[in-house]
Each structure stands twice: as structure tokens, then as C-alpha cells.
2 protein chains.
Amino acid sequence: MLKQERHKLILDMLKTSKKVLSKNLSDELQVSEDTIRRDLKELELQDLIYRVHGGALLKEIRVRSYDERSTADIDEKKKIALKAVKLLKSGQVIIMSGSSTNLELAKIIPSEINATIYTYSLPIAVELSHHPAIEVIFIGGKLNKEAQVTVGIDVVNPIYNISADICFMGTDGIDISRGLTEPNWEVSRIKNSMIRASNYVVVMCVSSRVNSVKRHSVVPITEIDAIVSDINPDHSMFSDFKALDLTII
Amino acid sequence: MLKQERHKLILDMLKTSKKVLSKNLSDELQVSEDTIRRDLKELELQDLIYRVHGGALLKEIRVRSYDERSTADIDEKKKIALKAVKLLKSGQVIIMSGSSTNLELAKIIPSEINATIYTYSLPIAVELSHHPAIEVIFIGGKLNKEAQVTVGIDVVNPIYNISADICFMGTDGIDISRGLTEPNWEVSRIKNSMIRASNYVVVMCVSSRVNSVKRHSVVPITEIDAIVSDINPDHSMFSDFKALDLTII
DNA sequence: AAAAAAAATGCACAAACACGCAAAAAAACG
DNA sequence: CGTTTTTTTGCGTGTTTGTGCATTTTTTTT
């Protein structure tokens, strides 16, 4: 394995797990710890990582925007993103809704994944624009400044022409009888069309919001294929969903 | 086997496997490692591969280019933005192209201005989303990561349905006989449709680029209503434009 | 304070590299 | 067609780079 390959792998690992241990790296990459230390030294010199005793930590490239810092349940959302990223594969056509969970997902997509992603979220598009291999299609429309997503009929129409392999849908409300629900009517219509355009629908939901219902219906629960949450998929909370053949991750 | 044949094969291999080793190549292509090294050296000189000890890797597109470009002539662009902002009035429907000059303009729009702005530039949309009274319509499409704008047929079509009061157009080339020109073909088509959708067209151009011609034509000079530059509007450089009844600001 | 873990340092060695040169191959020319 | 010129290739030389190991120093843990 080439030195640069190792460097890339180390950076990718850091991106997803935020820390790496020299010991683990030497084991996984099949080189001596000395070599790993030299690698980390180089990466530190390039200002790409923050080296500490025992390994290295992720270097925060930029101070993240204010609204992101204040995001509720950010740790839970990062957990969800870590599980969801495993569903991504090269060659897929992907639709991503405009949730903060999806933003976390966008941040940790490995650089070797080569796929097409449709989104109508400004921050997700910005994040993905730094990815070397993802083709980004932004769905235009009137910008909702609060949610930083585009809304309106101009968003719904183009979605009808998409045929996606997988849809990552962030949500505020999922319930066994009422299905997927959403507080904003316009967003509910957009989410509905996104789901109808996708072969496989993954709902990402923090555990505290499972079994909550919002004002506007998006789709019945039967339209959902999988739920990714921050907690153990064997939790009793999900038993009803499992009975309906949903995959819990 | 000819040298160019090898080069092509090497590039093909790189595309599929993302890395090549000099040793393997010399074995597969039946030439000495020295020859392979010379090949790789040439390909590196053409910026097609990233050469490393032991072989070569796929060249990753640096996304930094946009940030680099946006800082060129930044003082001139701020001057232009200061002049252009005076043309903005509440109630207008505005189209903004994706230049760094327009980004500077977006930053200084007074908070009391209440207008609708169409744009296809990611950074401009992000900037405008912080404005309290501007309604932002983002024109979607495939994202060009380098310029951070959307391009393609999906951008041009929606513009035909717009009717705008004023269009702020950043440019790399304006010339009295060739009119507005643009290095990127797709962008030239988008700019053309933007101008046709607008009542009044303002071209913003740093003085050093006045009288420069790029590859693709956007519109003849007669379609332009005003030019905003960083220098004195009475400069002799503009006398020809004035004769055609263009406003110089 | 002692023990353990990790890091720095110096060294050895193999692999990969650069450079010059000459042979071979290809192209250009009369 | 043969000859000259240019390009491409392989080889010998010495140099650089990447890696692992032993030893010492530093940091962390107990």
C-alpha cells in the first residue's frame, strides 16, 4: 500500500470517527506503529489533523456556523449519520431531504463514494460541493430562510422526473398508525414526492421523536423501508415497526 | 507498443482502480520501470495524474479554485458593489448572476430593501438567506463545484418564466464590437436567458477586463443598459460605450 | 515513585528514483 | 532506397525515500 493511500484512509477514518489510535491504525493498515506516527506527523504538518498522544483527532477546518452549533440533539444526529452512511454505495442516485441529520450525513460521506445526490437544502449542497466525487443536483425554488431549503411548486415538479435508488429522509414525526408527518405543509408535499421517486426509503429519526405526530401527513408507514435511529434497533420502541417488516438500524 | 498507447492504458487503469504501481505497469505493459516512470512524469506534467513514490494516483479536483478566484481584484469588486447597490429598490424583481462581484453586492444590500432575487449561485443564496427582507428564489440544476453555480438545461428553462425589473450580471469579458462574452458555454446560455428575462441589464466589470473578449458570445452590446466599473465613469475607456447610449456608473 | 505506553532518535536496508549515456526504433529527408 | 535526424528505450550509476528495528526520551497511568 502506498503512503498516500494510507493518508487518505486515515483521513477518511478520522472523518467518520473523529479520532484514530496509532495502535489500531498500525493493525488495520498492516504497517508498524512507527510508520503510522510518521504518517500522522506529515498530516499534521499539512494542517489536516490534530495529533495527540496515542493517535490523532479531527481538525475542525472551519468554525461551524452558529445555527449549526445550536442544533438540538446534535450528538444523536451524528450517531444516526454514522449508521446511515453505511447504506451509501457508489453508482447510486440519492435523494436527501433537508434535515440537520442529513447535513451530518453529507459531512461524512467517504471521498471514494461516487454518486449523484439530489437535494433542496442549501447547507447540504454547500457541504457536498466540497466532495470530490459526488455529483450534486440542486432542486431550485423559493428559499425558506429558516430551514435553508427551497420550497414551492417549483421544487415538487422536478422531483417527478427523478428516479432514485435511495432516499434519506430526516423527520420530526413518525408514528405506526399515522405514518410520516410533518409540521410544514409545503415540506410535506415535497417529502411525499421525494418518497414516490425513490426505490428505497430510509427515515432518519432521533429516538425521542419516534411515535410523535405532526399536523400534515407525508406518507403512510407502509411506504417506508427502513428507520435509522440513534439507539439500539432491538429496543422495544420499534417492535411494532418490525412487525410491519421495516428494517430498523 | 507506442508511448501514447501506454499513456492511454495507464489513464484507463487509473480511472478504474484509482492507483497504479510502476512495478505492475512495467510488468503488464512489457517495458522497463524506467519507461513507466518517464510516462508517469509526462502525464503528471499534463496534470492528468498525481505521481507518488511507487506509482501514481487519480488526480483529485481541488475545490479550492473558487475561493482563490473570488479573492482576485477583491477591492475593485467591492467598489463596484458599492456603486451597484444604489440601483436596488424595494419592490423590484432582480436576477443576479453568479460572480464574485455579485457576492460582494449581496453582502451589502441594506436590510430595509424588500425585493425578490433570483440566483443560481450557491454562495450568493447563502449570503442572501441572512437578509431579513429579501425573498430568494434559487434556480436549481447540476452544481458546478468550481464556480459554485448550477448549470444545465434545468437552469435555463425556469428563467424563461421570469420577468425581472433588473439584472445584475458579473462578467469576464465585455467589448464594444463583440458585446458580452463568457469562457464557459453553458454559463453563456444561462446569462443570455437571464438578460432576455430582464427589463434593465447592468453589467458589472472590473476596469482591467473592459475590452476583453472570451470564447462564447452572450449578447450583443445593444442589449446592455448600464456598466458599473471600479473606475471613474468619465474615463476615456468608456467613450465608445457612451456613444451607444449606455449608462456608465 | 515506579511501571507502562507512546514518541523521538538514529541507523540499516531495500525499493524507487534521477541522471547520463548508448543502443534501438521511428521519423524525416534527399 | 539509404542516410540522417529525432525520439524512445534500457542500463549502469549514485541518490533519495519509505519502512522497520533498537535505543533513548517523554508522557501517561497506577
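Lettering of chains follows the sequences in order, A, B, ..., and the numbering in each one begins at 1.
- Looking only at distances, a side-chain donor or acceptor of B:Lys191 sits under 3.5 Å from a matching main-chain atom of B:Gly170.
- Two residues are said to be in side-chain contact when any heavy atoms from C-beta on lie closer than 4.5 Å; B:Tyr120 and B:Ser97 meet this criterion.
- The closest donor-acceptor contact from the side chain of A:His131 to the backbone of A:Ile108 lies at 3.5 Å or more, if one exists at all.
- Near DNA chain C, defined here as any heavy-atom distance below 4.0 Å, the residues from residues 23-44 of chain B are B:Lys23, B:Asp34, B:Arg37, B:Lys41, listed numerically.
- Salt-bridge check for A:Lys89 with A:Asp165: failed, with every basic side-chain N at 4.0 Å or more from each acidic carboxylate O.
- Across all strands shown, D:dT30 pairs with C:dA1; the Watson-Crick or G-U wobble distances both stay below 3.5 Å.
- With salt bridges taken as basic N to acidic carboxylate O contacts below 4.0 Å, none links A:Glu5 and A:Lys8.
- Remark: A:Asp172 does not engage A:Lys214 in a salt bridge, criterion side-chain N to carboxylate O under 4.0 Å.
- Taking A:Glu112 as the reference, nothing meets the salt bridge (charged side-chain N to carboxylate O under 4.0 Å, His left out) condition, with sequence neighbours excluded.
- Protein chain A contacts DNA chain C over a range whose 5' and 3' limits, counting nucleotides with an atom under 4.0 angstrom from a non-hydrogen atom, are C:dA6 to C:dT9.
- In this structure A:Phe168 satisfies the ring-ring contact (aromatic ring centres under 6.0 Å, His included) test with no other residue, sequence neighbours excluded.
- A donor-acceptor contact closer than 3.5 angstrom links the side chains of A:Thr35 and A:Ser32.
- A donor and an acceptor atom, one from each side chain of A:Glu76 and A:Ser207, are nowhere located under 3.5 Å apart.
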Margin query: I'd like to compare against my own output: the B/S/- annotation of nucleotides 25-30 of chain D with a strict under-4.0 Å heavy-atom distance to protein.
Written below: --S---
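- Heavy-atom contacts from other residues, nucleotides or ligands closer than 6.0 Å to OH of A:Tyr200 number more than 12.
- Annotation: of the two residues near DNA chain C, B:Val52 and B:Leu2, the 5′-most nearest-nucleotide partner is B:Val52.
- Under the 3.5 Å distance criterion, the side-chain polar atoms of A:Lys242 are matched with a main-chain donor or acceptor of A:Pro233.
- The environment of NZ in A:Lys19 is sparse: at most 12 heavy-atom neighbours from other residues, nucleotides or ligands sit within 6.0 Å.
- The stretch residues 4-21 of chain B has no heavy atom under 4.0 angstrom from DNA chain C at all.
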